[in-house]
Amino acid sequence: TRGVLIGAALIALCLCAALALIGAGAAYFYYSSRGAITRPPIISVPTALPLPTSPTLPPPSPTGGVTPAAGDATPAVGEATRAMLAAIEQQVIALRGLQPSGKFELRFTTPDEYKLKTKGDFETDYSPEEAVDDARVLHALGLLPANFDLYNFYIDLYSEQILGSYDPKTKELYVIKASGKIGGVERQTYAHEFNHALQDENYDMRSLGLSDDACERDTERCAAIRALVEGDSTLLESQWLKRYGTTQDYADIGEYYSNYTSTAYDRAPCYLRDDFYWPYDDGLKFVQGLYDSGGWAAVDDAYRRPPVSTEQIMHPKLYKSGDIPEMIPAPVLTDTLGAGWRQIDSNVMGEWYTRLILLEPFRNSDPQSSDYCKVKSRDSDRMTKAAAGWGGDAYVVSYDESTAQTALVLLTTWDTETDAREFEDAFKPYGKARFKTSPQAHGQGSCWDAGDSGVSCLIRRGSDTLWVIAPDEGMVDRIVGTIPPFG
């Protein structure tokens, strides 16, 4: 049950600064099997509650929480820089209200050095063979073209202009000197990353569920906690910049973005561009709502009762009401598919990825266009609404090496029969847009000629839907016959 969604690379579990890329979700912060790079700084965010007052900050210690990093490839940090970083630490502590309890290693590095580290993480935690299987899954879902080189794309993306990261496993905090100096970009990055260190020291990210194994088992819970953690640090960094940012800080950040380029992000698949933003955008909205209702104490309460699904992040009322996704057993296709087939993925899709899948065929697919990846509002609204009634799901993807064929099964339960019918109705224009053919009635549902992928069929029964892609209709019928309540 690896779970290819939310990014796909099992690399170092670290939290990256929400500052560099204009998104970069699969790189924003290597959370578990997923990553993301960043988003632009948020200069101002609404705050219904006043910021904590701290007219007199305690004098910073010479080193703050920083432990010198042994064997650093970069020059040692001078005393003046250490004092500045210690002051930022005290400012973050005063704003966020969390107290440090341990030490971490601070490492300043260059973009080239960090790229080598990223490549090493990939070689250790994510193989080219795994990337090929992940690309097969994403192609079956209509999110990637066939034979997409996902492995090398991720290496490029993960190493492109990351400004900082914190690794809860190794307790290492990296700051990348984007401009060759410690300026406004690096100062804001440090505030963001030091807040991640505070989160870890106070709530233990790994025990919270942000470990490779836990995230593989339940990508939905992992994504939800990622959004909580990144939304927390994104709000914190915006408060830090608003209160403590200097004129020079703003000038440095403006200069950085005026010269910024993002080669890997510019050629990123459309779904990935949205996924890059998600923990920062929806995570910030989720955390902002908590903060508006009760300050940082309300955010702290969320770590004691963490969200468990992307649905809860996107619909905070469902988090507050305790709406829990229904657990759906993953379909077992071993005997049905026969010899030669192997399962390459099985997990939960969730509302967020259900929405991404529905939106994909309606996007502007011209990377040279200024509207690349945009969706017309009419289509966006319809597909977003169709995904919103999600109640729980399970998917499984299998592959036959000898025939290069893929089989996909997604079983979804919806909150109501009306919600299931809305999804069924939205799936018809989705199928036509993706497969360029009209649906044909087949058995209990509708099927589309999916070209090289075979046939794609959707069946609804009450508040449940079943989506099957298989080489031919005969195999679809065999699969459907093994899955209650459809068989």
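Keep in mind that this is a model prediction, so the values were computed, not measured.
The stretch residues 403-414 participates, sequence neighbours left out, in no salt bridge (charged side-chain N to carboxylate O under 4.0 Å, His left out) pair at all. For residues 466-479, no pair satisfies salt bridge (charged side-chain N to carboxylate O under 4.0 Å, His left out), with sequence neighbours left out. Counting only residues at least two apart or in different chains, salt bridge (charged side-chain N to carboxylate O under 4.0 Å, His left out) contacts with residues 383-399 comprise Lys385-Glu422. Sorted by first then second residue, the disulfide (SG to SG under 2.5 Å) pairs that include residues 421-462, not counting sequence neighbours, are Cys447-Cys457.
Remark: Arg434 engages Pro361, Tyr430, Trp467, Ile469 in a side chain to side chain contact (heavy atoms under 4.5 Å, CB included) (not counting sequence neighbours). For Ser463, the side chain to side chain contact (heavy atoms under 4.5 Å, CB included) criterion is met by Thr413, not counting sequence neighbours. Contacts of Phe362 classified as ring pair (Phe, Tyr, Trp, His ring centres under 6.0 Å), with partners at least two apart in sequence or in another chain: none. Shown here are the salt bridge (Lys or Arg N to Asp or Glu O under 4.0 Å) partners of Asp419, two or more places apart in sequence or in another chain: there are none. For Phe153, the ring pair (Phe, Tyr, Trp, His ring centres under 6.0 Å) partners at least two apart in sequence or on another chain are Phe148. The side chain to side chain contact (heavy atoms under 4.5 Å, CB included) test applied to Asp112 returns Thr110, not counting sequence neighbours. By the ring pair (Phe, Tyr, Trp, His ring centres under 6.0 Å) test, Tyr399 pairs with no residue at all, sequence neighbours left out. The ring pair (Phe, Tyr, Trp, His ring centres under 6.0 Å) check on Trp414 picks up Phe423, with sequence neighbours excluded.
Heavy-atom neighbours of Asp452 CG from other residues, nucleotides or ligands within 6.0 Å: at or below the threshold of 12.
Between Pro325 and Val308, the closest heavy-atom pair is CD-CG2, 3.8 Å.
In this structure, His192 and Tyr280 have tilted ring planes: the angle between them lies in the 30° to 60° band. Between Phe104 and Tyr190, the ring planes lie tilted relative to each other; the angle falls in the 30° to 60° range. A parallel orientation is assigned to the rings of Tyr126 and Tyr151, their planes being inclined by less than 30° (bins at 30° and 60°).
Rounding to the nearest 0.5 Å gives a distance of 7.5 Å between CZ of Arg226 and SG of Cys215.
Under the 3.5 Å distance criterion, with hydrogens and angles disregarded, no donor-acceptor pair is assigned to the side chains of Tyr372 and Asp366. Side-chain polar atoms of Gln312 and Asp323 form no donor-acceptor pair below 3.5 angstrom.
Ionic pairing of Lys436 and Asp449 is not present here: no N-O contact between side-chain nitrogen and carboxylate oxygen is shorter than 4.0 angstrom. Under 4.0 Å is where a charged nitrogen must lie from a carboxylate oxygen, and between Asp281 and Lys285 no such pair does. Remark: Arg107 engages Glu105 in a salt bridge, criterion side-chain N to carboxylate O under 4.0 Å. Salt-bridge formation is detected for the pair Lys171/Asp200: a Lys NZ or Arg NE/NH1/NH2 atom is positioned less than 4.0 Å from an Asp or Glu carboxylate oxygen.
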